[in-house]
Engineer: 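Take a look at the following structure, please.
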Amino acid sequence: MKGTGLVLWVVCLGMIASGARAAEVAKKAHGETGSRAAFSHRIMILDEDGNGINLPPPSASTKPAPAPQMKPYAPATTCGKCHDYAQINTGWHFNYNRSDVPAGRPGEPWVLTDLTTRTQLPLSYRGWKGTWKPADIGMSDWQFTLQFAAHLPGGGASETPATQPVDKKAMWPLSGKLQNDCLICHMGDSSYSTGDREIQLRQQNFRYAPARAAGLASITGSVSEIVSSAEEEGEDPLKSKRTPRMTYDASRFSPDNRVFFEIRKSTPSNCYFCHTTTVVGPGSSEAWHTDQDVHLTSGMQCADCHRHGLDHKIVRGYEGEAEVRKDPAAAALTCRGCHYGDEHGETPTVALGGKLGAPHPEHKGLPPIHLEKLSCTACHSGPWPGDKPVMLQTSLAHGLGLESFTRNDKTPPYIVGPVFLRGEDGKIAPHKVIWPSFWGRLNGQTVTPLTPLAVRLAVKSLLPAMTETTADNFAPLSEDQISKALAALAGQKDAGEPVYIVGGKMYRRTADGKLTSESNPAAEPYAWPLAHEIRPAPQALGARGCSDCHSTDSPIYFGTVAAAGPVDPNKATVKAMYELRGDSGVLARTFAWSFTFRTMLKVISVASVAVLLGLLLAYIFGGLGGYRRIVR
Amino acid sequence: MTEIILLIGLVAVLTMAAAQISSMGGSAAAGDAEGRFSWWEKLVYGFTLLCVAVLAITGIGSFLFSSSAMTGWTLMLHATAAPPFAVGIAALALTWSNRCRGDADGVFDPTQRVLFWLMVLTSIVVILSAVIPMTPLFGTPGQEFLYHTHQYSSLTLAVIMIIQGLLLLRGRR
C-alpha cells in the first residue's frame, strides 16, 4: 500500500510538472530558432481582425468576375502574431504621446511650418523646454498625424489618439489608425516605397498605406475624397459606406497565399529616411563631395550602436544614458564605452573597450581636461565649424527622403549648426538650433502660439498667400505687414495681446501703431544635440594643433550665430558662441590671445632647461674629475 | 588642514625671505670676497621667489581649494608666470652655482648646497613636465602621468625653496 501511494504521488507530480510546461509552451506565440541566421519570413499576412488574407483562386471563365473587395494587411496582427506588438510599441519611436514616459534628453522636434504666416514652430509631445506640445496650440492627434504622417512610423498618437475633447474632424473610422509599420525599418531590400506610403497618407488612407508601401497592392480612391464628397453633399462622412478599393498583386502571393518579406535588422538606408541631415546654402557642396559617418564607411551600421531589445527602446548613445535607463549595458554603447571601455563595466568585454574593433584613441598632445569639458562630438561630429554655422535640412523638418520638385536651399524651416552649447551634462557639444517664428498671444510673460490657420483667417489678405512655388516664400515680413497683422489679431476676441515672435525677439504693437521689440523666453532658440556625421581622427578639431580652438578667430568661441528665420538679417539677434554658452567674452578673448605666446613659452622653457641641465652636467663631471684627482 | 598650513607657511616664508634679503648688505654687482650677495644676485633671487609664489598660489591653491582642474584666469596667470620663472631659475642657477660647488668657500653650508642642486634638478622636472604635454608626443595616459609629475615635482620644489629660505634666514642672524 505504501509503495502504491508513493507511485501515485510521483505520477501526480509528474503530471503537474508536464502540465505547467505545456502551459508555458502554449503561452508562446511562436517558437524561436536561437540562431543569428536570418529567419525567412514567408508568411501569411493578416488583416486588422486577424484573419488571413487569401486571394481568390484564378477564374477559368473567359469573363473574369471583378476581384472581391479585400481588407488591407495590418502590421499589428501580421507581425504581431509572432512579435509582441504591444511591447514593441513601448519603444521611443512610438511612445512619444504617453504621459508616463519621461521626456528624456532633448531631441529633434517636429516643426510646424507655414509659408504665408512665416511660421516655424518646434513641436513635441515630450514637452522639451523650447518646444510646444501639439495640444498647446490646439492641434489634435488627427491634425498632427495629417501634418507629419510621412515621417511618422505609425503607432503613438496616430494609433492611440487621445485628444480631448475629440476632434470632430477626425476621420479615424474611415481612414483607420496608422499602425506601427514594422517594414519601414525592417524591410531589408528596396521593395518598400516610402513615396507610395506618403501618397496614401496624404489621402488619409492610413489603413491601406502599409500594403501599398510594401508593394502588395494598389489602392483606388481615397478617404480624403470620400470626406470631401460627403461634405459637399451635406452628408456625414462617417456614415459613408464608400471605402478605397484595394487590389492585391497576385504575383506577390505564393500558391498557398504566403508572402515573402526580406526582413533584416535596420540598415542605414532604413534609418536615413527619417534621420538624414544635409548642409544647404553657403558652405554646402555636392553630395559626392561629402563623406558619410566614419562608422558607416568602416562597415558598421546604425543599429550596431543604436541597439535595443524587443521593447525598441533604442540606445541613443550619450554619456550618462546608462544611469537614466538604469541599464549598465548602455554604457558600453557610448563613444567612450566603445572606444575606451567602461571602467565600471561588470564584464571584461565591457570594461576593456575596443567593442566591434573600435580603435583606442591616443589623443596625443591633448590635455586630459578637454575630455572633461568637451563631449566627443565637439571635435568629431558634424560639419567642420566655420565662422558661422551652416544651414541644415533634415528629414523630419524638410521631408528629405520624399521626392520634391520645389525644395531648395531656402525651403523653411531654418535650422543651423553646429552651434557649440553646453549639454545637460555641462559639456560643450555641437547642436542644431532653430529659432521659433510664430504669431501668439501674450499673457503676462507667457506666449501661447496661434495656429497658422487661425492667423490666416484673422489677417486675410494682409499676408499674401505663399506656396512652395512662390519665389522668396519665406522672406521677412515688413514692419508694416507685422503691424497691420497684429492690429487685425487684436480685433479678435481671444484673450491676450497679439505678438509676433521672430529672429530671437518678440514684436508688439504700440497704441500708435509702432512696433517695439523685446526679449521673451518664447523667442529663445531650441537646440538639440548634433552627433553625426562623425569625422575620423585626422579630421577632428585639433588635428591641425591647438589653434583650431584656441585662437582669436576660432569658431568654437568666436563664431557668430545669427537667429535664422524669416527675419531681416539686420534685426536678427546675433551672438557669439561663447555668449550663447554664457561664458565671459573677456576671458575667452584673453585666453585666445595668450596662445599667441605659446611658442615663446616653449622656447624659453626649453632654453632654461638646457641651461640648468648643462650646469648640472658641468658640475657633475667637474666633481667627478676632482674625485678622480683625489683618488689618484 | 595640513595642506592649508603648508600653503600659509609657504607664503609666509617667502615673504620673510624676501624681507630678509632686502636687509642684506652688498657691495658691487658681483659678490665680494666674503661671499655676500650682490644686488644682482638679490634681484634674481627675489624675482624667482616672486614667480614661485605666483605659481604656487595658483597651482597649489587650485589643487587645494578647487574641485576642478585649473582653468580660466588662474590658468592664464600660472602660464604667464611660468616663463619668467624658467628664466629666473636659470639665472639663479648661474649666479649661485659657483658658490654651491662642493669645495667652494662662501655663504652656503653643505646642506644649502645640496638643496641648491636639488632645486636645479627639480626645476628641470617641473619645467619639462609642463612643456612636454604641449607637444603631440604623449596620449592621454602619458598626459596624466606628466600632469601628476608636474604636481608632485612642483610641490617638492616649493618645499625645497621653503627650507632653503629658512636656512638662508638662519644663516643671517
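Quick caveat: nothing in here was measured; it's all calculated off a predicted structure. Every chain is numbered from 1, with letters handed out A, B, ... down the list of sequences.
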Engineer: Enter the distance from A:Trp593:CH2 to B:Met76:CE here, rounded to the nearest 0.5 Å.
Structural biologist: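 One finds 10.0 Å between CH2 of A:Trp593 and CE of B:Met76.
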Engineer: For chain B, which candidate among A:Leu616, A:Val611, A:Leu612 shows the most heavy-atom pairs at distances under 4.5 Å?
Structural biologist: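 Top option by heavy-atom pairs under 4.5 Å: A:Leu612.
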Engineer: Non-hydrogen atoms of chain B under 4.5 Å away: do they reach the side chain of A:Ser605, the backbone, both or neither?
Structural biologist: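 Its backbone and side chain both get close to chain B.
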Engineer: Quick check on B:Phe145: does its CZ atom have over 12 non-hydrogen neighbours (other residues, nucleotides or ligands) under 6.0 Å away?
Structural biologist: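 12 or below, so no.
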Engineer: With only heavy atoms counted, which part of B:Leu94 is less than 4.5 Å from chain A, the side chain, the backbone, both or neither?
Structural biologist: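 Both parts, heavy atoms under 4.5 Å.
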Engineer: Need one label for A:Leu366: side chain, backbone, both or neither, based on atoms under 4.5 Å from any heavy atom in chain B.
Structural biologist: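 The answer is the backbone of A:Leu366.
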Engineer: Are A:Ile604 and B:Phe85 side-chain neighbours, meaning at least one heavy-atom pair lies under 4.5 Å?
Structural biologist: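 No. Closest side-chain heavy atoms not under 4.5 Å.
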Engineer: At a heavy-atom separation under 4.5 Å, does B:Ile132 approach chain A through its side chain, its backbone, both, or neither?
Structural biologist: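 For B:Ile132, no heavy atom lies under 4.5 Å from chain A.
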Engineer: Are A:Lys364 and B:Thr135 side-chain neighbours, meaning at least one heavy-atom pair lies under 4.5 Å?
Structural biologist: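 Side chain of A:Lys364 against side chain of B:Thr135, heavy atoms only: no contact under 4.5 Å found.
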Engineer: Using a cut-off of under 4.5 Å for heavy-atom pairs, which of B:Ser97, B:Ala90, B:Gly88 has the most such pairs with chain A?
Structural biologist: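 Of the options given, most contacts go to B:Ser97.
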Engineer: To the nearest 0.5 angstrom, please state how far the CD atom of B:Gln143 sits from the NE2 atom of A:His370.
Structural biologist: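 NE2 of A:His370 is found 9.5 Å from CD of B:Gln143.
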Engineer: Has A:Lys427 got more than 12 heavy atoms of other residues, nucleotides or ligands less than 6.0 Å from its NZ?
Structural biologist: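 Above 12, so yes.
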Engineer: Judged by atom type as modelled, is there a donor-acceptor pair below 3.5 Å linking the side chain of A:Lys602 to the main-chain atoms of B:Val131?
Structural biologist: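 Here the side-chain-to-backbone pair does not exist.
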Engineer: Mind checking whether B:Ile127 and A:Ser608 have side chains closer than 4.5 Å, heavy atoms only?
Structural biologist: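 The answer is yes; the side chains approach within 4.5 Å.
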Engineer: Where on A:Val603 is there a heavy atom nearer than 4.5 Å to chain B: the side chain, the backbone, both, or neither?
Structural biologist: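 A:Val603 has no heavy atom closer than 4.5 Å to chain B.
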Engineer: Considering only heavy atoms, which portion of B:Thr71 lies under 4.5 Å from any heavy atom of chain A: side chain, backbone, both, or neither?
Structural biologist: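 Side chain only.
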Engineer: Which bit of A:Thr590 is near chain B, if near means a heavy-atom gap under 4.5 Å: side chain, backbone, both or neither?
Structural biologist: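 When you check distances to chain B, atoms from both the backbone and side chain of A:Thr590 fall under 4.5 Å.
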Engineer: Would you find more than 12 non-hydrogen atoms of other residues, nucleotides or ligands less than 6.0 Å from B:Asp109 atom CG?
Structural biologist: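 Atom CG in B:Asp109 is crowded, with more than 12 foreign heavy atoms closer than 6.0 Å.
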Engineer: Are the aromatic rings of A:Phe591 and B:Trp73 close, with centres under 6.0 Å apart?
Structural biologist: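 No - the distance between ring centres of A:Phe591 and B:Trp73 does not fall below the 6.0 Å cut-off.
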Engineer: Please determine whether side-chain contact (heavy atoms from CB on, under 4.5 Å) holds for the pair A:Tyr619 and B:Val120, giving the CA-CA distance in whole Å, both sets of side-chain angles, and the decisive distance to 0.1 Å.
Structural biologist: CA-CA 12 Å; A:Tyr619 279 93; B:Val120 170; over 6 Å; no
Engineer: Between B:Met70 and A:Ile369, is a side-chain contact (heavy atoms from CB on, under 4.5 Å) present by the stated rule, with each step listed?
Structural biologist: CA-CA 9 Å; B:Met70 186 170 48; A:Ile369 193 171; over 6 Å; no
Engineer: Could you state the interatomic distance from OG1 (B:Thr140) to OH (A:Tyr340), rounded to the nearest 0.5 Å?
Structural biologist: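 The OG1 atom of B:Thr140 sits 4.0 Å away from the OH atom of A:Tyr340.
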Engineer: Less than 4.5 Å to any heavy atom of chain B: does that hold for the side chain of A:Phe595, its backbone, both, or neither?
Structural biologist: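 Nothing of A:Phe595, per the 4.5 Å heavy-atom cut-off to chain B.
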